[in-house]
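Because only heavy atoms are used, hydrogens play no part in the values below, and waters and symmetry mates are left out as well, while side chains stay in. Each ligand, and each atom within it, is numbered from 1 in the order the structure gives.
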Amino acid sequence: MEKGKIFVALDVNTKEEALEIVSDLKGLRACFKIGKQLFTSVGPELVKEVVAMGEDVFLDLKYHDIPNTVAMAGVAAASLGVKVFNVHAGGGRKMMEAVRTELNKFDDPPMVLAVTVLTSMGEDDLRETGVDDTPADQVKRLAILAKESGMDGVVASPLEIELIRQACGENFKILTPGIRPASSSADDQKRIATPASALKAGADYLVIGRPITNAPDRRKAFIDILEEIK
Ligand code: C5P
């Protein structure tokens with residue numbers, strides 16, 4: 001998948017709203033992220049429908065379970081035809097290796113990204129879970145583990161890009177949410193970057209939700225972001 005791709009977060013509750021966003025952006029080579037909210041509301045049929053429309057889908061369900069369960073969920077995701085899905089690196093080496101082993105049986109397997117430390121967690125939150133390292137050290141440790149375990153890349157905040165690039169090299173993919181075009185509101189995001197600065201810092205792919213989905217003219221909002229990146 002080409003560097004610079006934008007995944008538009010379909011954070012809505014209904015199939016109708018999701019399909020409206022997809023059709024508003026038709027032909028602009030946007031990709032779409034389907035996460036827990038929409039998936040739990042409407043299920044895999046919608047994923048199949050968006051894939052059947054020829055769109056690239058990132059299934060953002062952050063699997064974290066025993067190796068066999070996550071590997072089989074990965075097979076199910078691959079069978080839906082998604083281009084990207086993700087797991088929690090905290091599930092460990094055996095879990096991620098099991099996913100890789102199963103995906104290797106596909107001719108054109110989806111990309112698998114690992115979530116390291118949720119960006120909502122600070123040092124105190126980590127300590128309560130028994131991790132005494134700083135979030136940055138834990139992100140680095142889990143990114144290296146994900147790479148060693150056969151993951152294609154990680155989901156990371158704009159502030160973590162450089163650290164992960166250094167630790168995991170040029171070919172390891174980095175997908176970054178928390179993106180806000182220069183002109184838009186931060187909403188509830190705190191550590192944000194503009195699309196251009198995230199790409200410059202080394203991100204491969206961007207996730208952008210509300211600045212596009214809540215815009216009065218979604219096509220224009222998306223095209224403006226492409227312009228800003230150029
Ligand atoms: O609307 P907004 O651009 O903030 O949406 C960002 C999307 O990326 C949401 O679906 C959110 O859940 C997801 N995300 C995030 N920060 C992370 C991981 C995922 O904002 N660290």
Side-chain angles (χ1 to χ4, degrees), residues 5-14 17-18 20-22 24-25 30-42 46-47 50 55-64 82-91 111-123 125-126 135-136 138-140 142-143 146 151 153-164 173-199 201-216 218 221-222 224-226 228-229:
K5 281 276 182 197
I6 296 173
F7 288 83
V8 179
L10 298 176
D11 293 329
V12 292
N13 282 319
T14 66
E17 289 169 282
E20 185 188 291
I21 297 168
V22 174
D24 282 350
L25 300 174
C31 304
F32 297 95
K33 180 172 91 70
I34 296 178
K36 290 188 171 95
Q37 178 188 356
L38 183 60
F39 189 84
T40 305
S41 303
V42 302
L46 175 78
V47 178
V50 178
E55 306 293 350
D56 289 347
V57 173
F58 165 24
L59 190 61
D60 178 18
L61 297 180
K62 302 186 180 72
Y63 301 128
H64 189 169
V82 305
K83 280 279 191 290
V84 185
F85 73 91
N86 56 1
V87 303
H88 269 286
M111 186 185 300
V112 198
L113 303 178
V115 175
T116 58
V117 178
L118 292 169
T119 50
S120 52
M121 292 187 78
E123 199 153 345
D125 303 300
L126 268 189
Q138 182 68 353
V139 164
K140 183 174 166 186
L142 290 175
M151 300 296 92
V154 286
V155 180
S157 91
L159 298 185
E160 297 161 351
I161 296 171
E162 214 173 301
L163 159 95
I164 293 165
K173 304 296 182 205
I174 301 178
L175 173 139
T176 309
I179 300 298
R180 287 295 177 270
S183 58
S184 67
S185 124
D187 301 307
D188 53 357
Q189 297 278 16
K190 293 206 177 71
R191 293 174 293 162
I192 54 178
T194 66
S197 66
L199 292 172
D204 293 285
Y205 313 115
L206 308 177
V207 172
I208 310 179
R210 289 161 289 179
I212 296 168
T213 55
N214 288 349
R218 292 178 182 136
F222 191 85
D224 285 349
I225 291 170
L226 294 180
E228 194 178 319
I229 291 171

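Around ligand 1 you find Ala9, Asp11, Lys33, Thr119, Pro177, Arg180, Gln189, Val207, Ile208, Gly209, Arg210, Pro211, each with a heavy-atom distance below 4.0 Å.
Annotation: side-chain hydrogen bond (donor to acceptor under 3.5 Å, both in side chains) contacts of Glu162 (sequence neighbours excluded): none.
Note: His88 and His64 have tilted aromatic rings, judged against thresholds of 30 and 60 degrees for the angle between ring planes.
Salt bridge annotation for Glu20-Arg218: present, with a cationic side-chain nitrogen under 4.0 angstrom from a carboxylate oxygen. Ionic pairing of Asp187 and Arg180 is present here: one or more N-O contacts between side-chain nitrogen and carboxylate oxygen are shorter than 4.0 angstrom.
A donor-acceptor pair under 3.5 Å links the side-chain atoms of Thr40 to the main chain of Lys36, judged by distance alone.
To the nearest 0.5 Å, atoms CD1 (Ile192) and OG (Ser157) are separated by 11.5 Å.
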